[in-house]
Amino acid sequence: MSLHRLLGLHAAVPDPTALAAFYSELGLAGDPAGGFTGTDGGASVTLDEGPFRRLDSVTVGCADGADLDAIAGRLTDGGAGVERRDGAVSVVDPASRVRFEVRVAEPFGPQPPPDPIVPNAPGAVVRADRRAPAVFGKPRPPRRLGHLVIGSPDLPATVSLLTCGLGFKVSDTVPGVIAFLRCSTDHHNVAVVDSPVPLLQHYSWECDDVDHVGHTATALYRADTDRHTWGMGRHFAGSNFYWYLRDPSGSFLELYADLDQILDDEAWEATGRTAFTLEHVANAWGPNLPLEFVVPSDLGELQRAWAALP
Ligand SMILES: [Fe+2]
């Protein structure tokens with residue numbers, strides 16, 4: 001694919017200082033202007049101050065200038081207003097109000113793999129006479145920003161812009177509800193969910209494994225139990241373990257592990273992908289989907305803020 005990686009997101013929030021402090025607690029490196037990243041670097045979150053929480057832009061990387069030309073051509077042919085400057089192609093999605101930017105970028109990785117930990121299982125005892133190493137684990141920073149989920153008042157229009165225009169690939173859909181799109185081998189880097197207002201529904205940081213998710217999310221939860229939103233569980237879409245916490249701006253931050261990787265598009269379509277219905281939206285196991293995950297507690301505030309904009 002011409003797109004090959006997520007480069008980052010830029011958000012405006014009323015209190016970037018509080019959000020930056022939360023990121024420091026999580027162990028992210030960086031600052032609001034230069035961007036916050038996990039230990040492997042990669043995609044970053046940059047912040048500005050704004051009157052309400054808002055996703056301003058999402059940037060993805062492509063291979064070369066020919067890719068940029070092709071993307072600009074497709075967007076223009078589709079009737080979108082394309083900007084081309086500073087080596088990037090960008091377009092504002094009228095539905096989600098997000099500016100999507102594509103620029104030439106070096107490939108990400110390779111990521112150093114964690115030490116393999118094989119659990120004991122019935123008939124397969126691999127760890128005798130000692131405790132599991134995970135019980136001695138500590139919270140530690142996530143590895144990288146992996147994906148984000150954008151709330152759009154016009155789901156088909158936003159998905160069309162991202163796929164037909166920018167070149168994202170569709171990994172899974174629950175028709176009318178959510179579409180999971182990729183610009184790398186990750187099952188999804190951007191998902192678009194039906195929403196009455198433009199929204200950064202959640203953004204997600206990769207961890208080594210389920211214990212890394214557990215230790216790190218637990219530390220954040222114990223420091224402030226009101227942050228807990230949803231988890232621990234395992235999703236259908238992407239197969240990943242997840243735990244969601246509410247960040248100080250009101251967006252959900254997910255820690256995840258064991259996401260599906262799609263190296264062969266045809267193999268995924270032939271044998272990996274299975275049709276989804278509404279029952280696959282939430283999880284394969286774990287706590288029930290909380291209402292605020294679907295209807296954010298600040299929805300009314302966001303609706304008034306968007307309505308007041310030109
Ligand atoms: Fe997610």
Side chains of V45 and L28: does their closest heavy-atom pair fall under 4.5 Å? no
Honestly curious: do F180 and L161 fall in one hydrophobic cluster under the side-chain, below-4.5 Å linking rule? no
Closest heavy-atom pair, W243 versus G214, reported as atoms and distance to 0.1 Å, is CZ3-O, 4.0 Å
L55 and I150: side chain to side chain contact (heavy atoms under 4.5 Å, CB included), yes or no, with the steps? CA-CA 8 Å; L55 176 63; I150 300 169; 3.7 Å; yes
L26 side chain reached by L245 side chain, heavy atoms, under 4.5 Å: no
May I ask you to decide if P156's main-chain N or O and S160's side chain share a donor-acceptor pair within less than 3.5 Å? no
With a cut-off of 6.0 Å (strictly less than), are more than 12 heavy atoms of other residues, nucleotides or ligands near CG of N288? no
Sequence neighbours excluded, the answer for ring pair (Phe, Tyr, Trp, His ring centres under 6.0 Å) partners of F22 is none
Quick check: closest heavy atoms across A43 and T37, and the distance to 0.1 Å? O-CG2, 3.7 Å
For residues L3 and I71, determine if any side-chain heavy atom of one lies less than 4.5 Å from a side-chain heavy atom of the other. yes
Would the F36 and Y23 ring centres measure less than 6.0 Å apart? yes
What about W285 and Y256, same hydrophobic cluster or not, with Ile/Leu/Val/Met/Phe/Trp/Tyr joined at side-chain heavy-atom distances under 4.5 Å? no
Side chains of H10 and S57: any donor to acceptor distance under 3.5 Å? no
Ignoring hydrogens and geometry, is there a side-chain-to-backbone donor-acceptor pair from R143 to G38 under 3.5 Å? no
Any donor-acceptor pair under 3.5 Å linking the side chain of T216 with the backbone of R140? yes
I would like to know whether D48 and T46 meet side chain to side chain contact (heavy atoms under 4.5 Å, CB included); could you show each step before the answer? CA-CA 7 Å; D48 259 331; T46 52; over 6 Å; no
Do S90 and E83 pair up side chain to side chain, a donor and an acceptor below 3.5 Å, judged on atom types alone? no
Just by modelled atom types, is the F100 backbone N or O under 3.5 Å from a matching donor or acceptor in the D93 side chain? no
Below 4.0 angstrom, N of the basic side chain to O of the carboxylate: do D69 and R84 qualify? yes
Distance from R74 atom CZ to T163 atom OG1, nearest 0.5 Å? 9.5 Å
Within this structure, what is the CG-CG distance for the pair D67 and L166, rounded to the nearest 0.5 Å? 12.0 Å
L299 CG to L199 CG distance, which is reported to the nearest 0.5 Å: 8.0 Å
Identify which one of Y203, Y244, F293 satisfies the ring-ring contact (aromatic ring centres under 6.0 Å, His included) criterion when paired with F252. F293
Between the side chains of R144 and D186, is the shortest nitrogen-to-carboxylate-oxygen separation below 4.0 Å, so that they form an ion pair? yes
Test of understanding: clusters of I, L, V, M, F, W, Y form through side-chain heavy atoms closer than 4.5 Å, transitively. Do V170 and V58 belong to the same one? yes
Enclosure of F276 CZ (heavy-atom neighbours >12, cutoff 6.0 Å): yes
What are the two closest heavy atoms between A179 and L155, and how far apart are they? N-CD1, 4.5 Å
Exam field: side chain D298 to backbone L302, donor-acceptor pair closer than 3.5 Å: no
For the CZ atom of R54 and the CG atom of D56, what is their distance to the nearest 0.5 Å? 5.5 Å
Verdict with reasoning, H215 to F136, per side chain to side chain contact (heavy atoms under 4.5 Å, CB included): CA-CA 10 Å; H215 279 297; F136 301 108; over 6 Å; no
What I'd like to find out is whether the side chain of H280 reaches to under 4.5 Å of the side chain of V177, using heavy atoms alone. no
Just so I know, are the side chains of V60 and L7 near enough to count as touching, which here means a heavy-atom distance under 4.5 Å? no
ILVMFWY network linking Y221 to V210, side-chain heavy atoms under 4.5 angstrom: yes
Counting distance only, does the side-chain N/O of H212 pair as donor-acceptor with the main-chain N or O of D209 below 3.5 Å? no
Validation: residues 102-125 side-chain donor-acceptor distances under 3.5 Å, sequence neighbours left out:
| residue | atom | partner | partner atom | Å |
| --- | --- | --- | --- | --- |
| R103 | NE | E101 | OE2 | 3.1 |
| R103 | NH1 | D86 | O | 3.4 |
| R103 | NH2 | E101 | OE2 | 3.3 |
| Q111 | NE2 | D40 | OD2 | 2.8 |
| Q111 | NE2 | E206 | OE1 | 3.2 |
| N120 | OD1 | V126 | N | 2.9 |
| N120 | OD1 | R127 | N | 2.7 |
| N120 | ND2 | R127 | O | 2.9 |

Residue pair P296 / R53, side-chain heavy-atom distance below 4.5 Å: yes
If the test is side-chain contact (heavy atoms from CB on, under 4.5 Å), which one of V190, L200, V193 qualifies with V149? V193
Does T229 use its side chain to pair, donor to acceptor, with the backbone of R227 at less than 3.5 Å? yes
Give me each pair satisfying salt bridge (charged side-chain N to carboxylate O under 4.0 Å, His left out) with a member in residues 230-246, each pair once, sequence neighbours excluded. R234-D258, R246-E292
Which of parallel (below 30°), tilted (30 to 60°) and perpendicular (above 60°) describes Y242 and W230? tilted
What's the separation between atom CG in N240 and atom CD in E254, rounded to the nearest 0.5 Å? 5.5 Å
State yes or no: do V197 and V13 share one hydrophobic cluster built from I, L, V, M, F, W and Y residues joined by side-chain heavy-atom distances below 4.5 Å, directly or via other members? no
Taking it one step at a time, do R182 and D265 satisfy salt bridge (charged side-chain N to carboxylate O under 4.0 Å, His left out)? CA-CA 11 Å; R182 66 186 186 277; D265 297 342; 2.9 Å; yes
Shortest non-hydrogen contact from G87 to L68? O-CD1, 3.4 Å
Quick one: are L309 and F52 in side-chain contact, heavy atoms under 4.5 Å? yes
Closest approach of V294 to L289 (non-hydrogen atoms, all atoms of both residues): CG2-CD2, 3.5 Å
Can you give me the closest heavy-atom contact between S152 and V192, atom names plus distance? CB-CG1, 3.8 Å
With a 4.5 Å limit on heavy-atom distance, are the side chains of T185 and I262 in contact? no
H147 and ring-ring contact (aromatic ring centres under 6.0 Å, His included): which partner among H187, H188, H235? H188
Spatial distance of atom OG1 (T274) from atom CG (D172) [nearest 0.5 Å]: 6.5 Å
